[in-house]
Amino acid sequence: MTDSADASIPPASAAATPTAPREAVPSREPREDRYPFAAVEAKWRARWTERQTYATERTAHRGPKFYALEMFPYPSGDLHWGHVRNYTLGDVAARYQVMKGRHVLHPMGWDAFGLPAENAAIKNGFHPAEWTRRNIARMRDQFDRMAFTYDWSKEVNTASPDYYHWTQWVFLQLYKAGLAYKKNAPVNWCPSCQTALANEQVVAGLCERCDSAVTKKMMSQWFFRTTQYADRLLAGHETLDWPEGVLTMQRNWIGRSVGAELVFKVDGMDADIPVFTTRPDTLFGVTYMVLAPEHPLVERLIEGKRSAPKVREFVERMRRQTEIERTATDAPKEGVELEDCYAINPANGQAVPIWIANYALLEYGTGAVMAVPAHDTRDFEFARQYGLPILDVIQPPQDTSEDATGQGRRNVDAIAPLDEAYTGPGVMVNSGAFNGRPSEDGKSEITLWLQQRGLGKATVNTRLRDWLLSRQRYWGAPIPILYCDACGELPVPEDQLPVELPLDVAFTGKGESPLATSSSFGTTACPRCGGVARRDLDTMDTFVDSSWYFLRYPSARDASEPWNRDVMRHWLPVDQYIGGREHATMHLIYARFVTMALYDLGLVPFEEPFTRLFNQGIIYKDGRKLSKRDNVVPPDSTCDEYGVDTARCHVLFLAPPDESAEWSEKGIEGAWRFLNRVWRHVTQNLARYQADWANTLPAEPNEADRTVRRKVHQTMQRVTEDMERLHFNTSISALMELTNTLYAHGADCSSAVWSEAADRLTRLLAPFAPYLCEELWERLGHEREVYFAHWPAYDAALTVADEIEVVFQVSGKVRDRVKVPADTAPAELERLARANEKVNAALGDRPVMKAIVVPGKLVNLVAGK
RNA sequence: GGGCGAGUGGCGGAAUGGUAGACGCACCGGACUUAAAAUCCGUUGGGGGCGACCCCGUGAGGGUUCGAGUCCCUCCUUGCCUACCA
């Protein structure tokens with residue numbers, strides 16, 4: 001407002017039009033001709049509860065099943081517009097399926113374990129369970145207010161013992177199948193959360209939850225063998241109706257690469273160094289060897305050497321580096337040469353020096369790299385830096401044509417040293433018996449050659465790591481494993497599940513599992529020998545909880561088993577899953593992995609849990625993502641002011657559902673006015689409504705009748721098509737257009753036609769504005785909720801206008817628009833175009849070379865020169 | 001550096017290769033009102049013309065096509081994801 005104090009505005013006029021402060025609210029105060037949302041919402045909320053409208057059984061025995069699911073929320077206690085958008089999308093889709101006659105399961109639950117509850121406990125002294133319970137109660141109430149059609153009898157809460165009982169059971173099934181194992185490994189460690197993290201939870205070197213810089217730490221931890229399913233996870237993509245972007249992200253994350261494992265021997269020592277490479281064809285170009293700083297062989301190689309302390313210092317320094325320092329784009333390559341250590345190239349017996357360097361990662365491949373600086377950009381950079389030899393073994397194709405765009409090409413005649421590595425294919429040189437071979441063939445030929453001598457084999461590597469699931473935290477499902485001095489590692493017998501979280505723990509935040517502070521939890525009787533067994537003191541990653549929750553909903557209250565097989569067969573897999581893209585490489589990979597593992601164990605009859613996936617866009621506020629941590633814009637005040645239906649319509653109308661959107665209340669007036677127009681028009685014309693309109697439609701419709709009926713049927717068609725694609729923003733505009741048509745022509749049409757329009761409008765709008773439409777539906781004389789009303793079918797013949805506008809073009813440019821009967825034949829259209837005055841003016845004396853006629857649309861006359 | 005999206009009026013956004021800007025916001029005008037609010041009706045991409053009308057317009061440049069916002073190539077901007085993966 002300050003910049004309106006412009007010098008060009010005369011002070012006099014400002015004084016002449018004093019802008020009195022306006023009260024914003026009165027326009028929405030209840031009034032005779034306004035939609036009284038507060039009263040309507042109270043009435044129908046009570047009635048839905050009383051009638052159990054949204055119980056799954058109410059849609060049973062209708063048609064085929066439909067499992068509609070949205071990713072369940074973390075119960076942070078604060079519903080924000082991102083939630084509202086996501087769950088409104090799911091709710092509209094579920095309501096549509098009910099109206100289409102499907103047997104619909106639409107459940108909701110809580111991803112209730114996790115750090116915020118524990119941190120709140122440390123901070124405020126609440127027990128996490130209490131904090132969680134309160135938040136759930138609050139959010140459930142908010143969801144009900146939003147008119148979401150959840151069947152609360154199917155509610156799940158991952159932090160409840162009757163749920164995590166089965167999370168532990170799932171763990172044990174995977175354990176028994178050899179898919180869960182414990183190993184000592186360098187793990188991602190968040191110093192702030194004081195816990196290990198899965199690879200997927202480290203984002204740009206930062207903890208996904210708290211943004212602290214992650215470091216590495218050696219720990220004995222539980223893993224799931226996700227890598228064993230890499231190929232299956234990739235192959236399964238073929239069967240999924242998912243957004244291409246998510247599939248691509250998963251493919252990249254899994255990062256399958258085909259290559260070979262080749263064995264280098266250590267000179268003068270009985271030790272092998274296997275390396276993984278995708279370029280066996282460059283083997284003759286190896287000029288040094290690189291080991292990851294944490295490589296287990298390092299200690300053996302430097303033992304007793306004079307330089308050992310220096311190497312150890314380097315390793316220690318690398319280990320202390322945070323992930324972000326180590327992987328930053330501009331992180332300099334650093335390394336040290338191991339004194340008197342040489343690796344023997346299996347191709348030619350040549351001894352090359354062994355280095356350790358920060359760019360070799362223990363977690364990938366074998367943790368060792370055969371360095372070919374001439375043909376690998378990283379090796380090249382490192383060799384340059386440390387003055388290591390660069391040996392050319394692949395000659396680029398000798399194509400001298402100027403416009404060839406071969407990547408990494410350079411002039412082979414150049415005498416100057418290379419200024420970059422050549423990474424493309426070519427002809428092998430300096431490669432002994434392989435000289436002259438195409439490098440692409442050389443890959444398999446070298447691999448085979450080494451394989452015959454026991455020094456190599458073809459292999460496939462993935463970037464995907466096994467899933468680290470141990471967490472040194474309290475608020476999670478305890479890992480159901482025991483350690484007995486006599487019997488070793490043992491699973492907790494299934495009849496002793498759940499292993500319940502103890503209540504007497506101290507939240508020290510000291511990096512030790514809080515479960516260790518419990519007086520009762522730590523030990524129990526060994527199920528095998530009866531001696532003392534120690535419990536595993538870690539809890540599971542909360543992604544384990546959410547990797548199977550969709551299997552639990554249909555059997556949510558079943559105390560005897562995780563899921564009933566028949567119930568499972570009826571409902572699963574999920575027909576439509578809605579959630580954010582941010583889960584592409586986390587939850588959606590974990591859930592697929594667990595489902596596949598359970599399938600292999602014969603526990604579920606399908607391999608893929610989510611048939612169709614829809615990613616809703618993110619809502620931003622001031623360019624920042626709305627999140628559970630900050631930047632919360634609560635929907636409550638908007639609902640207080642405009643009502644829930646307006647809030648639902650506005651958030652859907654804001655932007656296409658799969659695009660991100662900047663949060664804005666600008667424009668909410670549009671949704672509010674729209675719903676009021678519907679309310680006013682229907683309620684003020686109720687006396688005209690004829691319940692039997694279908695039998696009294698006029699035999700000779702007047703102009704208004706035809707216009708209104710056409711619009712009604714066109715709207716049914718458009719909204720139905722949009723519903724299938726979840727393009728709800730355009731559904732709403734179509735309904736606005738219908739309403740505008742009723743305002744313009746509703747008064748002039750017959751009662752039967754108006755009645756059809758009122759009936760159709762109420763049904764089509766019901767999924768978006770359920771409170772308003774229930775009330776209108778009742779006033780139209782219906783006993784049963786509009787929720788159960790069937791979705792209307794349109795008559796295609798009625799969507800076509802009698803008279804249509806056709807465009808005449810000359811060489812693609814519009815020259816005239818004329819109204820013609822809809823059934824005008826193409827030949828007649830062409831004749832009209834050729835006779836058209838404006839067309840002829842544009843043609844001048846040029847001849848018509850060609851005529852394109854698109855019936856119902858246009859005629860394009862192509863002019864000659 | 002790599003991958004995937006997105007660039008259309010003052011704004012949010014519509015457009016199976018076929019009339020660019022649906023629908024809404026905002027603005028402006030009219031009706032109603034003592035006045036306002038609310039409501040109802042209408043105008044609004046840019047430029048030119050008294051006018052019927054004409055020209056230009058979907059990030060930039062090429063291409064395919066009778067016809068391109070839409071398909072192809074190059075580039076620019078921007079968002080998200082990912083990042084030494086051997």
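Numbers restart at 1 for each chain; the letters A, B, ... are given by sequence-line order, proteins then strands.
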(message) Once you apply a heavy-atom cut-off of 4.0 Å, does A:Arg581 come out as touching a base, just sugar-phosphate, or nothing?
(response) nothing
(request) Please tell me if the side chains of A:Thr423 and A:His375 come closer than 4.5 Å, counting only heavy atoms from C-beta onward. (result) no
(request) Determine whether A:Phe728 and A:Phe768 make a side-chain contact, defined as any pair of heavy atoms from C-beta on separated by less than 4.5 Å. (result) yes
(message) From CD of A:Glu641 over to C1' of B:rA38, roughly how many Å is that when rounded to an integer?
(response) 15 Å
(request) Can you tell me which stems RNA chain B forms, taking runs of 3 or more consecutive Watson-Crick or G-U pairs with both distances under 3.5 Å? (result) B:1-7 with B:76-82, B:10-12 with B:23-25, B:28-31 with B:39-42, B:45-48 with B:53-56, B:59-63 with B:71-75
(request) Would you mind reading off the distance between A:Leu742 atom CG and B:rC40 atom P, rounded to a whole angstrom? (result) 13 Å
(request) Could you measure between the two P atoms, the one in B:rC40 and the one in B:rC50, and give it in whole Å? (result) 38 Å
(request) For A:Asn615 and A:Asp658, test the side chains for any donor-to-acceptor distance below 3.5 angstrom and give the result as yes or no. (result) no
(request) Write down the distance between CG (A:Leu829) and P (B:rG18), rounded to a whole number of angstrom. (result) 18 Å
(request) Quick one: sort the A:Phe382 and A:Tyr359 rings into parallel, tilted or perpendicular, breaks at 30° and 60°. (result) tilted
(request) Identify, between A:Thr248 and A:Gln809, the residue whose nearest nucleotide on RNA chain B lies closer to the 5' end. (result) A:Thr248
(message) If I pick the P atom on B:rC71 and the same atom on B:rA83, what distance separates them, to the nearest angstrom?
(response) 30 Å
(request) Name the orientation class of the two ring planes belonging to A:Trp81 and A:Trp663 (parallel below 30°, tilted from 30 to 60°, perpendicular beyond 60°). (result) parallel
(request) Salt-bridge test for A:Arg725 and A:Glu721: reply yes if a basic N is under 4.0 Å from a carboxylate O, no otherwise. (result) no
(message) In whole Å, I'd like the distance from the NE2 atom of A:His681 to the P atom of B:rU39.
(response) 17 Å
(request) Would you indicate, yes or no, if B:rC66 has its OP1 or OP2 atom less than 4.0 angstrom from a side-chain nitrogen or oxygen of A:Lys850? (result) yes
(message) Regarding A:Ile852, tell me which of base, sugar-phosphate or nothing describes its non-hydrogen contacts under 4.0 Å with the strands shown.
(response) base
(request) Give the intermediate values and the outcome of side chain to side chain donor-acceptor pair (under 3.5 Å) for residues A:Arg834 and A:Asn840. (result) CA-CA 7 Å; A:Arg834 285 177 185 270; A:Asn840 281 305; over 6 Å; no
Between protein and nucleotides 21-24 of chain B, what N or O pairs are separated by less than 3.5 Å?
unit_1, atom_1, unit_2, atom_2, d
B:rA22, O2', A:Glu737, OE2, 3.0
B:rG24, OP1, A:Asn740, ND2, 3.0

(request) Specify whether A:His237 and A:Trp242 have parallel, tilted or perpendicular ring planes, treating 30° as the upper limit for parallel and 60° as the lower limit for perpendicular. (result) tilted
(message) If you count every heavy atom of other residues, nucleotides or ligands that lies below 6.0 Å from A:Glu724 atom CD, does the total exceed 12?
(response) yes
(request) For B:rC72 and B:rC23, measure between their P atoms and round to the nearest Å. (result) 30 Å
(request) Check whether any side-chain nitrogen or oxygen of A:Arg815 sits under 4.0 Å from OP1 or OP2 of B:rC55, and answer yes or no. (result) yes
(request) May I ask you to say what A:Glu244 touches in the nucleic acid, namely base, sugar-phosphate or nothing, with a heavy-atom cut-off under 4.0 Å? (result) nothing
(request) Write down the distance between CE (A:Met849) and C1' (B:rU65), rounded to a whole number of angstrom. (result) 16 Å
(message) Between A:Glu665 and A:Thr638, is there a side-chain donor-acceptor contact under 3.5 Å, judged purely by atom types and distance?
(response) yes
(message) So A:Tyr743, base contact, sugar-phosphate only, or nothing? Heavy-atom distance under 4.0 Å.
(response) sugar-phosphate
(message) Below the 4.0 Å mark, does B:rC4 have OP1 or OP2 next to a side-chain nitrogen or oxygen of A:Arg251?
(response) no
(message) Can you see if the side chain of A:Ser257 gets near the phosphate of B:rA86 - specifically, an N or O under 4.0 Å from OP1 or OP2?
(response) yes
(message) Heavy-atom nearest nucleotide on RNA chain B for A:Val806 versus A:Gly365: which residue maps closer to 5'?
(response) A:Val806
(message) I'd like the P distance from B:rU43 over to B:rG29, given in whole Å.
(response) 15 Å
(request) Considering just the side-chain nitrogens and oxygens of A:Lys813, establish if one lies under 4.0 Å of OP1 or OP2 belonging to B:rG18. (result) no
(request) Take the protein atom NZ of A:Lys857 and the nucleotide atom P of B:rC66, then report the distance between them rounded to whole Å. (result) 20 Å
(request) Answer yes when A:Arg279 and A:Asp376 have at least one side-chain N-carboxylate O distance shorter than 4.0 Å, and no when they do not. (result) no
(request) Could you check if the base of B:rG62 is syn or anti? Syn means the glycosidic torsion is within 90 degrees of 0. (result) anti
(request) Could you check how far CZ of A:Arg279 sits from P of B:rC84, rounded to whole Å? (result) 20 Å
(request) Send over the distance from A:Glu662 CD to B:rG7 C1', rounded to a whole Å. (result) 17 Å
(message) Can you identify which nucleotide, out of B:rA86, B:rA14, B:rA38, has its nearest atom closest to the A:Arg34 side chain?
(response) B:rA38
(request) Quote, to the nearest angstrom, the C1' distance that separates B:rG13 from B:rU8. (result) 9 Å
(message) Mind checking if A:Asn252 touches a base, just sugar-phosphate, or nothing, with heavy atoms under 4.0 Å?
(response) sugar-phosphate
(request) Take atom P in B:rC53 and the same atom in B:rG59, then report the distance between them in whole Å. (result) 30 Å
(message) When you measure only distances, ignoring hydrogens and angles, does the side chain of A:Lys666 come within 3.5 Å of the base of B:rC11 through a donor and an acceptor?
(response) no
(message) Taking the C1' atom in each of B:rC80 and B:rC28, what is the distance between them to the nearest angstrom?
(response) 40 Å
(request) Looking at every strand, decide which applies to A:Val807 at a 4.0 Å heavy-atom threshold: base, sugar-phosphate, or nothing. (result) base
(request) Can you figure out which of B:rG18, B:rA15, B:rU19 approaches the side chain of A:Arg725 most closely? (result) B:rA15
(request) Considering just the side-chain nitrogens and oxygens of A:Lys838, establish if one lies under 4.0 Å of OP1 or OP2 belonging to B:rC53. (result) yes
(request) Could you work out the separation of B:rU70 and B:rU19 based on their P atoms and round it to a whole Å? (result) 13 Å
(request) Side-chain contact test, heavy atoms from C-beta onward, threshold under 4.5 Å: evaluate it for A:Leu654 versus A:Asn729 and give yes or no. (result) no
